[in-house]
Amino acid sequence: STEREMSSHSQQNLLLQVGQALLEQEAQEAEEEKRRYMEENCPLQELCRKLHKEIDLVDEERYDTDIKVSKSSKEIEELRTKVQDLKGKFKKPALKKVRMSADAMLAALLGSKHKVSMDLRANLKQVKKELREEEKQTADWRKNIEDKAGMDGRKKMFETDA
């Protein structure tokens with residue numbers, strides 16, 4: 001009788017194990033069916049997963065960039081203070097006034113190879129002469145018009161022609 005009990009007990013255990021395996025298999029199949037159904041009918045979930053991954057990557061990059069920017073800002077500020085300190089330590093020398101002719105200035109700028117003379121006074125005199133000639137022409141023209149204006153002017157014109 002004990003053998004029968006043991007064999008029925010082992011049969012029960014075996015049945016329980018088989019039943020449990022079947023239940024687990026059904027649960028896995030149901031889960032797989034659910035996943036397949038969601039992939040076919042809800043492609044948005046996959047899109048959302050991809051977007052979440054990309055958002056995570058972008059957030060990491062933004063965080064890294066923020067840290068780099070803050071480090072650079074601190075470095076810039078430190079350099080500015082160093083520059084201010086250096087400006088305070090060194091005084092600029094007072095510049096002396098130097099009288100130099102235009103020719104000497106051109107020679108200093110262009111070097112001794114180029115010989116350029118800049119006689120400003122000669123240039124000014126030439127300009128004045130040209131202006132005076134133009135004034136004479138305009139004065140003559142106006143004088144002629146004034147002389148010919150009125151009856152006296154017409155008489156003079158006929159008298160000079162005759």
Next on the checklist: Once side-chain hydrogen bond (donor to acceptor under 3.5 Å, both in side chains) is applied, do any residues pair with E33, and if so which ones, sequence neighbours excluded?
Outcome noted: R36
Checklist entry - Mind checking what makes side-chain hydrogen bond (donor to acceptor under 3.5 Å, both in side chains) contact with R49, not counting sequence neighbours? => result E46
Next on the checklist: Can you list everything that forms a side chain to side chain contact (heavy atoms under 4.5 Å, CB included) with L95? Sequence neighbours excluded, please.
Outcome noted: none
Next on the checklist: Taking salt bridge (Lys or Arg N to Asp or Glu O under 4.0 Å) as the cut-off, I'd like each qualifying pair that reaches into residues 52-65, sequence neighbours left out, listed once.
Outcome noted: D59-R62, R62-D66
Next on the checklist: Tell me whether the count of non-hydrogen atoms from other residues, nucleotides or ligands lying under 6.0 Å of CD in E29 goes above 12.
Outcome noted: yes
Checklist entry - Side chains of H9 and Q12: does their closest heavy-atom pair fall under 4.5 Å? => result yes
Checklist entry - Say you draw a straight line from CD of E77 to OG of S72; how long is it, rounded to the nearest 0.5 Å? => result 13.0 Å
Checklist outcome for this item: Applying side chain to side chain contact (heavy atoms under 4.5 Å, CB included) to I67 and not counting sequence neighbours gives Y63, K71
Next on the checklist: I'd like to check the side-chain hydrogen bond (donor to acceptor under 3.5 Å, both in side chains) partners of E32; sequence neighbours left out, ordered by chain and number.
Outcome noted: R35
Item to check | Euclidean distance, T81 OG1 relative to I76 CD1, rounded to 0.5 Å | outcome: 12.0 Å
Next on the checklist: I need the L23 CG to Q28 CD distance, nearest 0.5 Å.
Outcome noted: 12.0 Å
